[in-house]
Amino acid sequence: MFVKLRAAISFLTIFPTGGWDQLSDGDSARIAGYFPVAGWIIGGVLAGIAYVSAQVSLPPSVIAVIVVAVGAWLSRGLHLDGVADFFDGVGGGADPEARLKIMKDSAIGVFGAVGLILLLLFKIVCLTAILAQLTPMKYLLIAAVPALCRWSMASLAWKATYPRSKGTGHAFVGKVTGSDLILGGIFLLPALVVGVSAYVLFLFSLMPSVWLRRKSKVALGGVTGDVLGASCEMGEAAGWLGALLCLFWIL
């Protein structure tokens, strides 16, 4: 258990917890059940930074930029790279083979740049509006979203097809089991502290993964590691939109 937990944290964050060297090839996908734990770590750090920044009277817009920047740093920009590659491939290729080839290219194109910029701006705008609210519940919502969207990323790998013979996503796509998702769901239970808002956050965080499963099947022939990364970033953006709606209409 602890080896898989350490491997999940090491894979999804900058923290060098190790564990990979102790996993067999067949066990690599089993770390997906611990993805939400890595999300809670990231979310906790982001919420803490937001809270401390608010105590020194920084404007919500400035705090939002800091939170988004730190979030990218904590995840090593791994998922943001997936966002750029996904939009470049889908926007620039005429068929699945061409799109997959474009996504393998390390250079970023117009579609990727625009998609990445819009995603980051969307996150900043949502967080700015969230942080402008006076309720302390906003910090719990900020902390919960990264955990929820990392479960959604694992769910996208469940029963999906990997369109390449090898790659980063090969260890997870189609190999995540229902048991892994149940375990990850258990780690999401702390989100229930925000009440009914937890269900709203969950639905919003899950929507990009549901869309990407259908889109990538048609456009790429399956789910790649870049698609998994894109689902995490897009799920985070959608989750914070859901958090904003909760603050206006539920909390």
Side-chain angles (χ1 to χ4, degrees), residues 12-14 35-75 77 79-80 83 115-153 155 184-212 229-251:
L12 293 180
T13 74
I14 62 169
F35 280 2
V37 179
W40 279 117
I41 292 172
I42 293 174
V45 172
L46 298 184
I49 289 174
Y51 177 78
V52 172
S53 299
Q55 301 314 298
V56 296
S57 301
L58 286 179
S61 57
V62 174
I63 300 175
V65 172
I66 293 173
V67 168
V68 170
V70 172
W73 173 65
L74 289 175
S75 62
H79 308 312
L80 289 173
V83 172
L116 195 57
I117 291 170
L118 290 177
L119 177 79
L120 292 173
L121 285 175
F122 187 81
K123 280 188 174 186
I124 290 170
V125 170
C126 285
L127 281 171
T128 298
I130 290 171
L131 292 165
Q133 305 303 306
L134 299 178
T135 172
M137 187 64 73
K138 62 190 177 186
Y139 299 110
L140 292 175
L141 297 176
I142 290 173
V145 167
L148 292 166
C149 69
R150 279 158 181 80
W151 184 91
S152 297
M153 177 171 62
S155 74
I186 293 173
F187 288 122
L188 294 181
L189 290 178
L192 293 176
V193 71
V194 299
V196 68
S197 296
Y199 300 101
V200 177
L201 295 185
F202 178 77
L203 289 174
F204 272 74
S205 298
L206 185 63
M207 284 191 293
S209 291
V210 173
W211 175 74
L212 283 168
S231 75
C232 184
E233 289 292 337
M234 294 167 69
E236 201 166 80
W240 279 329
L241 174 61
L244 179 60
L245 297 178
C246 288
L247 287 171
F248 276 119
W249 291 326
I250 299 177
L251 297 175

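These values consider heavy atoms only, across backbone and side chains, with no hydrogens, waters or symmetry-generated copies.
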> Minimum heavy-atom separation for L80 to A72, with atom names?
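Reported closest heavy-atom pair: CD1-CB, 3.6 Å.
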> Nearest 0.5 Å, please: how far is CG in L201 from CD1 in I142?
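Going from the CD1 atom of I142 to the CG atom of L201 covers 11.0 Å.
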> Just wondering, more than 12 heavy atoms not from W73 lying within 6.0 Å of its CH2?
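Check fails, neighbour count at 12 or below.
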> Sequence neighbours excluded, which residues qualify as side-chain hydrogen bond (donor to acceptor under 3.5 Å, both in side chains) partners of E233?
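Partners of E233 under the side-chain hydrogen bond (donor to acceptor under 3.5 Å, both in side chains) test: K123.
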> Measure the spacing between SG of C246 and CE of M137 and express it to the nearest 0.5 Å.
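One gets 10.5 Å once the value is rounded to the nearest 0.5 Å.
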> Would you say that I14 contacts L74 through its side chain, given a criterion of any heavy-atom pair below 4.5 Å between the two side chains?
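Heavy-atom side-chain distance check passes, below 4.5 Å.
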> Could you tell me which non-hydrogen atom of G185 sits nearest to which non-hydrogen atom of W151, and how far apart they are?
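Here G185 and W151 meet closest at N-NE1, 3.4 Å.
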> Is the shortest side-chain heavy-atom distance between F122 and L241 below 4.5 Å?
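Side-chain contact under 4.5 Å: yes.
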> Between atom CD1 of I124 and atom CG of L127, what is the distance when rounded to the nearest 0.5 Å?
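Going from the CD1 atom of I124 to the CG atom of L127 covers 8.0 Å.
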> Using 0.5 Å steps for rounding, measure from the OG atom of S231 to the CE atom of M207.
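The distance works out to 13.5 Å.
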> Could you tell me which non-hydrogen atom of A237 sits nearest to which non-hydrogen atom of L119, and how far apart they are?
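Looks like CB-CD1, 3.8 Å.
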> Is it the case that atom CG in L189 sees more than 12 heavy atoms from other parts of the structure closer than 6.0 Å?
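Enclosed: over 12 neighbouring heavy atoms sit under 6.0 Å from CG of L189.
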> Starting from the C-alpha separation in whole Å, work towards a yes-or-no answer on side-chain contact (heavy atoms from CB on, under 4.5 Å) for H79 and E236.
CA-CA 11 Å; H79 308 312; E236 201 166 80; over 6 Å; no
> Could you check whether any side-chain heavy atom of L245 comes within less than 4.5 Å of a side-chain heavy atom of V200, counting everything from C-beta outward?
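Of all side-chain heavy-atom pairs linking V200 with L245, none is under 4.5 Å.
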> Which heavy atom in V83 sits nearest to a heavy atom in A230, and how many Å separate them?
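What the structure gives for the nearest pair is CG2-CA, 3.8 Å.
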> Looking at CE of M234 and SG of C149, how far apart are the two atoms once the value is rounded to the nearest 0.5 Å?
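Between atom CE of M234 and atom SG of C149 there are 12.0 Å.
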> Show me the donor-acceptor pairs within less than 3.5 Å that the side chains of residues 36-60 make with the rest of the protein, sequence neighbours left out.
from	atom 1	to	atom 2	distance (Å)
W40	NE1	F187	O	2.8
S53	OG	I49	O	2.8
Q55	NE2	Y51	O	3.4

> Report the residue from V70, I63, V68 that forms a side-chain contact (heavy atoms from CB on, under 4.5 Å) with I66.
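For I66, the side-chain contact (heavy atoms from CB on, under 4.5 Å) check succeeds only for V70.
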> Report yes or no: does S209 contribute a side-chain atom to a donor-acceptor pair with the main-chain N or O of S205 at less than 3.5 Å?
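Judged by distance alone, no pair lies under 3.5 Å.
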> Can you tell me how far CG of L141 sits from CD of Q133, rounded to the nearest 0.5 angstrom?
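If we round to the nearest 0.5 Å, Q133:CD and L141:CG are 10.5 Å apart.
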